[in-house]
Every structure is written in C-alpha cells, then in structure tokens.
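Taking it in order: structure first as structure tokens, then the write-up.
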Amino acid sequence: MDKAVITNKLTKKFGDFVATNEITFDVAQGEIFGFLGANGAGKTTAIRMLCGLLKPTSGDARIAGFDVYRQTEQIKQVIGYMSQKFSLYEDLTVRENIRFYGGIYGLNRADLKAKSDQIIEQLNLGSVADKLVASLPLGWKQRLAFSVALVHNPRIVFLDEPTGGVDPITRRQFWDMIYEAADRGTTIFVTTHYMDEAEYCNRVSIMVDGRIKALDTPSGLKRSFGTDSMDGVFQILARGTSTK
Amino acid sequence: MDAIVIDNVSKAYGSTKAVQTVSLSVKPGELFGLIGPDGAGKTTLFKILVTLLRPDEGRATVVGRDVVKDFRALRSLVGYMPGRFSLYPDLTVEENLSFFATVFGTSIQANYDLIREIYVQLEPFKDRRAGALSGGMKQKLALCCALIHKPEVLFLDEPTTGVDAVSRKEFWEMLQRLKERQLTMLVSTPYMDEANRCDRIALMQTGQILAIDTPSGVEHLFRKPLYAVKAAETFRLIQDLRKAPFTQTCYAFGEYLHLTTEEGTTPADIDRYLRERRHEHVTIKPIQAGIEDSFMALMQHG
C-alpha cells in the first residue's frame, strides 16, 4: 500500500453550489503534497472529506486504504491534523497538551511518558514543559502543535496554513520539521498562502472554483505555464476566479 | 511637516514590552510599511496612533495632532482598518457603509469619488449581509468604510493576512491607486514579499525596529556574499550544507537554498564539497539579497 490518498471524482455539493467538483488525484506515502487554491476555491471542503469529517456527495476517496464513506473512525486514527486556528489548549501546559492528545489516541501510560519526554527534548522545551501553552511564543506553539499532531505516528498529517504569522526564521525551522517527518515516511498534505513554500513540496495541486486545474511538481508547473515562480503559476491560474 | 511622527514610544502589557522606544516618521503621501511577524508590536503601534491606546512613554503626532491630547480632533482625520474584521456582520454592505459615513457626519454620496473604484465591485452585493461576504469582499468593504469620511491618513493593520496570493496582489493595486491621490498610508504585513510595494519600510521584531529604509536600501543592508544553491535532493542538500565547514547560514528560499559562507569561500569550494557527497544537478550562483534575507540577518544580530 504505497498511496496515502487516492480520490476519484470526489464531489461535494451544498444545495446548488458545487464546492468540490470531481477532483481526482493521489498522494504517495512520504510525499509532501501542496494543496493550493484561492480563498473559497474548495480546499477546506476537500480536506474535511479526506479527514472523514464530511460525507461526500459522490465520487470515492481512500485515506491509507480506508474508505471516506464507511471507515471514518479508522481514518481518524491514521491521520494527524494541525491548523493555525486551532491546535493546542492554551490553558493546559506543554506536557498536559501532549498527554491529552496522546490519551485521546489511546497511547498507554508508558508510551505517553516516552513520547512526552521525546517531544520536549526534541523541541528543547525542557524549561517550559510545565508552563501554560498560552505563555509560549507563537513559533514554539506551532512546532509543538506539529509534534502533537504526530503523537500517534499517523500515516498522513494535514497542515492547514500552518505557518501564518511567524517570523521568517521560525517559518523555515517549521519546514525543517516537515522535511524530517516526510523523510521518516509520514505523508504531508499542506495548504499555504506563501508561494515560496509551494516550492518546498514534491508536488502541488491548484484548485480553482472547486476543480483541480493543475497538478505537477513545482518545476513542471513553472515549465507548463512559462513562468519562473510558483507565484506566477498561481496568478495565471487563480486570477479570474469568481469572487462570490 | 511629517504626516506621522513617532518619538520614543513604548507600551507594555504587564511584563510584556509590546513596543519599545520606537521612533519613526512618515511623510505626507507616503506608503509606509511595517513589516514583521506576530508579536512585533505592529498592532499596538497602530492602536496608539489611532488614539485607542495611550503610550506609556514617548509621544506621537498624526497630521500635527498629538495622539493623547488631541485625540478627539484626530479621530475624524484618520481611517483605520483593523486586522480583525470589525464591521457589523448583520448589517448589509450598504448599511455598514452608510453607518460609518453617518458616524463621521458625512454621507456616501459626499465622498463617493474616493471609494468608487473599490465599491463598484461590491455594489452587486449591496443588499447582502456583511457576515455572508467572501474574505476578499469583506476586505474591500472594510477599506471602503475606513475611507468614507475622507481621512488624511489611512492605517491598515495586516489587511492581507490569510488572504490568497491573487487577492493580495489586487489589494495592493488598490492601495497604489489611493496613493496616486496623495493619501498617506501606514500598512502592516507579515509577508516580506509585499514590502517591495511600499515607498519605505520599517522591519519590526518583538517591539523593536530593526531597520528603516527604502525596500532596496534594506536589501543593501545585507553585506555578506550570498549564494543560491540547488540540487536534485533538497532535504539532503540542506543537511549537508549545514554541516559544511564553510557555512554560516543555510535556509530554504523557494526552489533554492540561500547560503552565506565564511570569508574566502569560492563557488568552486561549495561545488567540490557537494560533488564529494554525490549531489546531482548542482547549481550555485551568487545573488543579491532580498528583504527577507536582510530581515533574517538583522534578527540574528538583534
């Protein structure tokens, strides 16, 4: 089983509105896959279906082999999720957050202890392990949130605009963590508004009005659209998107 | 006379020093950018300048009015678009605009000329509730509401955060057109690539200013030799370059890595090192630093 995500004509309608329109693509295990699109292009709806949170109207999708209609609970066990908006409990400490998420995913007492120590050491958070998350700088929170999203060793992790608002060095440190996780075999499914980050992905898809308009490596996309940056590709594809 | 003068302004929240002895001035008609990540102090500075917050120390004037003593007079002279959407979600597009016009004792008709170009895009939806607009449309409406009383200085706090690359570009084009009308604007953004659209910028980090200059001036603050390096396996390339004896810093920058090296290192040295580690399709080229390179270099020395 070498595909983390397989979709076939995956579609979601809300009344007359087709939010996600017959998208077909797959993502290899260990791949860093960039999922781009303008605001309102249908990315969030697609991600919610892939996470087993929203039933598709038609089409198929499998996440690590599990069916998005019937096996949503299994899907939740094999995925991790992190977004800029919600990830950690601010009024729990660093250690409590790790134990909370680990506990939810059913880690036993020994594993929880080992995992907590490992994350705290890796992120160099020893001095703040018993401090409330609310008191940490944003960049630290984001790196902790990413580690927590990986606490149950998921096959695939969904990152929804993970790097918003952080300084340029912290943003790159975050991508170092993404590369390391991918190198260990975790599939990364990431959305971003930073076009330089699109370059860091193995392959990138660009959604426009509910459809996938392009899907290729960053260099392949730049070649096809005759431009020297991912921003250029994005501007060509996403301009003229309806702004309803 | 400068449109905005900030003189040694500080503001703390408890033990957090949000803004620390910041000084800068903005000329009339200038498009000035505050560039920095969350926690840089941008929003606190905005709130002080639009009279919503009193500085602990220092003083500031906007169009000659003191932000503390003349706050009442100043409020009708400035337009403010806060970072968080702050219109009335259950009023329609037109009701919101009319509300803000009325509060400032004017009408949509009186200053329609200033907002026309932006508002025509909203007019098809003028009876829609503001809460039901798309992100890009909300942003345009917020800009119209901040402009409707014809302010002399416009303050825009992170107007493009979380907005896609196409809408961001459109928004900056709108600001360029406002600039042609001699409006003074102070804009904050965490996106370094937007800095080039400003006349001058201040780079900010944890309450302090790292540099103030034109965008190209900031680029030239970066004095070390800088190389863009690329090879077939990016992750292995980063790891190997960071271990190299000649490397000072190595960061990903889009499709290339940006590398600064010890004095006396040549591209041939870098090339040899990478070939010894069997990297393929290696490209090494000297480049001029961008604003983001400068920002990162200043952060490390600050």
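Convention: sequence-line order gives letters A, B, ...; per-chain numbering from 1. Being a predicted model, the structure only gives us computed values, none of them experimental.
Here the shortest heavy-atom pairing between B/A252 and A/Y200 reads O-OH, 3.0 Å. Of all heavy-atom pairs spanning A/H193 and B/R168, the tightest one is O-NH2, 3.2 Å. Closest approach of A/Y194 to B/P190, counting heavy atoms only: OH-O, 4.4 Å. Here the closest non-hydrogen pair linking B/M299 and A/P168 is SD-CD, 4.2 Å.
B/K230 and A/E199 are not joined by a salt bridge, as no carboxylate oxygen comes within less than 4.0 angstrom of a charged side-chain nitrogen. Taking a cutoff of 4.0 Å between a charged side-chain nitrogen and a carboxylate oxygen, B/R242 and A/D176 qualify as a salt bridge.
Between chain A and the residues B/P124, B/P37, B/A132, the largest count of heavy-atom pairs under 4.5 Å involves B/P37.
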Please set out all donor-acceptor pairs under 3.5 angstrom arising from side-chain atoms of residues 231-240 of chain B, sequence neighbours excluded.
unit_1, atom_1, unit_2, atom_2, d
B/E233, OE1, B/R236, NE, 3.1
B/E233, OE2, B/R236, NE, 3.4
B/E233, OE2, B/R236, NH2, 3.1
B/R236, NH1, B/R277, O, 3.0
B/R236, NH2, B/R277, O, 3.4
B/R236, NH2, B/R278, O, 3.3
B/D240, OD2, B/H279, NE2, 2.8

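Proximity to chain B involves both the backbone and the side chain of A/D167, based on heavy atoms less than 4.5 angstrom apart. Contact of A/Q173 with chain B is not made at all, since no heavy-atom distance falls under 4.5 Å.
From B/D164, atom CG reaches atom NZ of A/K43 across 7.0 Å, with rounding to the nearest 0.5 Å. The CZ atom of A/R171 sits 5.0 Å away from atom CD of B/E292, with the distance rounded to the nearest 0.5 Å. The CE atom of A/M230 sits 10.5 Å away from the CD atom of B/E255 when rounded to the nearest 0.5 Å. Note that the NZ atom of B/K169 and the CZ atom of A/F234 stand 12.0 Å from one another [nearest 0.5 Å].
In this structure a side-chain-to-backbone donor-acceptor pair under 3.5 Å is missing from B/Y251 to A/I169. Not a single donor-acceptor pair under 3.5 Å links the side chain of A/D196 to the backbone N or O of B/F253.
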